[in-house]
Visitor: 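For reference, the structure I am asking about is given below.
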Amino acid sequence: MMTNYYMPTRVVTGKGCIVANSKLLKTYGKKAMIVTGRSSAKMNGSYHDVLEALTSEGIDHCLYDKVMSNPTVACAYDGAAFAKEQEADFVIAIGGGSPIDAAKAMALLAKQDIDEAELFAGDYSEDVLPLIAIPTTAGTGSEATQYSILTNDRLETKSGLATPLIFPQIAFLDASYMMSLSVSITVNTTIDALSHAVEGLLSVRSNDISEGLALKSIAMIMKSIPLLQEAQESGDVQCMSYETRETLLVASMLAGMVIAQTGTTAVHAMGYSLTYFKDIDHGRANGLLLGHYLRKVAEKNQEVTKKIMDAMGIESVELLIQMMDRLFGDKESLTMTDIDLFCSKAIVTGNIRNCIVTPTEEDINEVYRLAFDV
Ligand code: NAP
Ligand code: FE
């Protein structure tokens with residue numbers, strides 16, 4: 001099999017790594033646009049550290065702190081206009097997947113006039129602002145992917161802008177910013193990362209390189225599941241130590257490196273409607289679907305299912321479903337009308353064509369029904 005592994009992101013890890021490596025920022029220009037969500041970056045120390053690093057290198061900055069969760073296309077255009085107005089030379093994204101994804105689109109749109117109808121078409125020139133990513137959740141792996149996932153009201157779903165131009169130049173991974181994450185965001189983001197690693201193994205584009213990264217990521221994530229369960233049951237994240245957070249941060253980046261090569265599959269395709277129409281968090285949506293989809297895969301391909309179960313250290317798909325049910329508690333309610341709509345959205349996505357076991361619309365319908373007890 002011919003493979004072509006491309007991962008241009010420099011990864012710097014460790015407590016205090018941004019300030020300690022501030023010199024790396026010097027090459028990108030005189031003014032940075034910092035992109036964040038509303039408040040978390042200012043509260044968890046990451047924004048403070050970025051300002052310290054920029055000041056020590058004599059780099060000016062401006063701040064765009066209006067990125068919402070599941071960022072919209074409008075937000076990307078708004079931030080790009082701000083970057084142009086401020087004449088920013090590069091972008092520093094701090095936050096979960098939402099600010100990082102929004103910043104990727106802003107970095108592209110700040111340099112190219114792309115009509116909204118063409119935004120996801122993939123036809124871009126080479127010009128883009130360099131991007132630095134500082135993840136403060138361990139979930140999306142966006143710091144190591146070429147994807148920007150945006151809420152696309154035109155198609156009533158989430159759409160992925162994908163181009164190697166938006167791979168971050170540098171990813172700074174400092175787990176100390178994650179100590180302030182709530183139980184639910186910790187659980188949801190961890191399961192998003194797990195889903196990326198698993199879906200990488202279920203992709204037609206899986207190869208020995210992505211598989212190695214995926215198996216390692218799954219093993220690292222699974223070690224923290226008992227702690228996540230403890231946190232969920234006590235409502236307290238104290239049991240999540242710095243070391244555990246750091247393991248999850250690296251594991252989620254590895255899973256990002258996986259999907260950067262393989263793309264995601266049916267679970268993400270199905271999850272997007274749950275987020276768009278039902279406001280179910282992205283990672284939670286994936287987690288509620290993952291086991292039920294794997295049960296479908298197992299009917300047709302036991303070998304890959306066994307590989308995934310072995311990597312997880314779980315004996316059966318049914319036990320995985322029980323583990324997810326315990327982590328996620330009460331489920332949202334869906335109607336058959338919801339499910340029919342969501343199936344029609346999922347079946348036409350590229351993610352479905354990316355599956356080694358391609359589900360039919362009926363399979364997808366069954367997965368939704370079983371996952372939500374409809
Ligand atoms: P998020 O939407 O970025 O953040 C969720 C919440 O967590 C926000 O309220 C945020 O607050 C808060 N938060 C972030 N870091 C925190 C911290 N260290 N301490 C306390 N609170 C913190 O969530 P996410 O799950 O990381 O990202 C989800 C998005 O990524 C979705 O749009 C999804 O589709 C996308 N995604 C992208 C890829 C990819 O490859 N690009 C892959 C999978 C998913 P603030 O708003 O105040 O910051
Ligand atoms: Fe995801």
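Note that this is a predicted model, so its numbers are computed, not measured. All ligand and atom numbering here is 1-based and tracks the order in the structure.
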Visitor: Ligand 1 and H196, any nitrogen or oxygen pair closer than 3.5 angstrom?
Guide: no

Visitor: Could you check atom 40 (O) of ligand 1 against the protein and tell me its nearest heavy-atom contact, residue, atom and distance included?
Guide: T145 OG1, 3.1 Å

Visitor: Can you list the atoms of ligand 1 that are under 4.0 Å from a heavy atom of P99?
Guide: 3 (O)

Visitor: I would like to know whether D89 and K31 meet salt bridge (charged side-chain N to carboxylate O under 4.0 Å, His left out); could you show each step before the answer?
Guide: CA-CA 5 Å; D89 298 311; K31 186 167 185 179; over 6 Å; no

Visitor: Return the set of protein N, O or S atoms whose distance to the Fe ion (ligand 2) is under 2.8 Å, each given as residue and atom.
Guide: D192 OD1, H196 NE2, H268 NE2, H282 NE2

Visitor: Rounded to the nearest 0.5 Å, what separation is found between the CZ atom of R284 and the CD atom of E332?
Guide: 4.0 Å

Visitor: Judged on heavy-atom distance to atom 37 (C) of ligand 1, which of L161, T189, D101, I259 sits nearest?
Guide: D101

Visitor: Quick check on D192 - does any of its heavy atoms sit under 4.0 Å from an atom of ligand 1?
Guide: yes

Visitor: Considering the heavy atoms of T137, write down every atom of ligand 1 situated less than 4.0 Å from one of them.
Guide: 14 (C), 15 (N), 26 (O)

Visitor: If you measure every N or O of S39 against every N or O of ligand 1, does any of those distances drop under 3.5 Å?
Guide: yes

Visitor: With a sphere of 6.0 Å drawn around NE2 of H61, does it hold more than 12 non-hydrogen atoms of other residues, nucleotides or ligands?
Guide: yes

Visitor: Which protein non-hydrogen atom lies closest to atom 44 (C) of ligand 1, naming both residue and atom, and how far is it?
Guide: H282 NE2, 3.2 Å

Visitor: Using 30° and 60° as the class limits, which term best fits the ring planes of F277 and F342: parallel, tilted or perpendicular?
Guide: parallel

Visitor: Evaluating non-hydrogen atoms only, which member of T190, L181, T151, I149 is closest to atom 16 (C) of ligand 1?
Guide: L181

Visitor: Output the distance between atom OG1 (T305) and atom CD1 (I308), rounded to the nearest 0.5 Å.
Guide: 6.0 Å

Visitor: From atom 38 (C) of ligand 1, work out which of T140, I94, T264 has a heavy atom at the shortest distance.
Guide: T140

Visitor: Could you please spell out the steps behind the side chain to side chain donor-acceptor pair (under 3.5 Å) verdict for N70 and K158?
Guide: CA-CA 8 Å; N70 304 302; K158 300 188 82 176; 2.6 Å; yes

Visitor: List the steps, then state whether salt bridge (charged side-chain N to carboxylate O under 4.0 Å, His left out) holds for K84 with D113.
Guide: CA-CA 11 Å; K84 282 193 214 169; D113 288 324; 3.4 Å; yes

Visitor: For atom CZ of R10, is the number of surrounding heavy atoms from other residues, nucleotides or ligands below 6.0 Å larger than 12?
Guide: no

Visitor: Counting non-hydrogen protein atoms only, what is the nearest one to atom 15 (N) of ligand 1? Give residue, atom name and distance.
Guide: T136 OG1, 2.8 Å

Visitor: Is it true that M179 lies under 4.0 Å from ligand 1, counting heavy atoms only?
Guide: no

Visitor: For ligand 1, is G160 a contact, meaning one of its heavy atoms is under 4.0 Å away?
Guide: no

Visitor: To check your reading of the model: name the closest protein heavy atom to atom 6 (C) of ligand 1, its residue, and the distance in Å.
Guide: I185 CD1, 3.6 Å

Visitor: What do you reckon, does S142 have a nitrogen or oxygen under 3.5 Å from a nitrogen or oxygen of ligand 1?
Guide: yes

Visitor: Quick one: sort the F167 and Y6 rings into parallel, tilted or perpendicular, breaks at 30° and 60°.
Guide: perpendicular

Visitor: Note the single closest protein heavy atom to atom 27 (O) of ligand 1, along with its residue, its atom name and the distance in Å.
Guide: G97 N, 3.1 Å

Visitor: Short N/O distance, under 3.5 Å, between S180 and ligand 1?
Guide: yes

Visitor: How does K158 reach ligand 1, by side chain, by backbone, by both or by neither, if only non-hydrogen atoms under 4.0 Å count?
Guide: side chain

Visitor: Among P99, S176, S46, whose side-chain contact (heavy atoms from CB on, under 4.5 Å) with T136 holds?
Guide: S46

Visitor: What pairs with S39 under side-chain hydrogen bond (donor to acceptor under 3.5 Å, both in side chains), at least two apart in sequence or on another chain?
Guide: none

Visitor: Any luck finding a side-chain donor-acceptor pair between S148 and D101 under 3.5 Å?
Guide: no

Visitor: Less than 4.0 Å between a side-chain N and a carboxylate O, is that true for E87 and K30?
Guide: no

Visitor: Regarding ligand 1, does Y272 bring an N or O atom to under 3.5 Å of one of the ligand's N or O atoms?
Guide: no

Visitor: Check each of S69, P135, G37 against atom 8 (C) of ligand 1 and report the one with the nearest heavy atom.
Guide: S69

Visitor: Looking at atom 18 (N) of ligand 1, what's its closest protein heavy atom, distance included?
Guide: Y177 O, 2.8 Å

Visitor: Applying side chain to side chain contact (heavy atoms under 4.5 Å, CB included), can you list everything that pairs with L370, at least two apart in sequence or on another chain?
Guide: H292, R295, E366

Visitor: Please work out whether any backbone atom (N, CA, C, O) or any side-chain heavy atom from C-beta onward of N70 is under 4.0 Å from ligand 1, and answer side chain, backbone, both or neither.
Guide: both

Visitor: Could you tell me the residue and atom name of the protein heavy atom closest to atom 2 (O) of ligand 1, and the distance to it rounded to 0.1 Å?
Guide: S98 OG, 2.6 Å

Visitor: Near G96, which atoms of ligand 1 are under 4.0 Å from a heavy atom of that residue?
Guide: 3 (O), 26 (O)

Visitor: Using 30° and 60° as the class limits, which term best fits the ring planes of Y272 and H282: parallel, tilted or perpendicular?
Guide: parallel

Visitor: Nearest to atom 22 (C) of ligand 1 by heavy atom, S195, G256, G141, S40: which?
Guide: S40

Visitor: For D115, which residues count as a side chain to side chain contact (heavy atoms under 4.5 Å, CB included) partner, sequence neighbours excluded?
Guide: A117, E118

Visitor: So if I count the atoms of ligand 1 from 1 in the order they appear, which ones are less than 4.0 Å from some heavy atom of Y147?
Guide: 40 (O), 41 (N)

Visitor: Salt bridge check: are D338 and K278 linked by an N-O gap of less than 4.0 Å?
Guide: yes

Visitor: I need the N44 CG to Y177 OH distance, nearest 0.5 Å.
Guide: 8.0 Å

Visitor: Is the cationic atom of K15 (NZ for Lys, CZ for Arg) positioned less than 6.0 Å from the six-membered ring centroid of Y242 and within 45 degrees of its normal?
Guide: yes

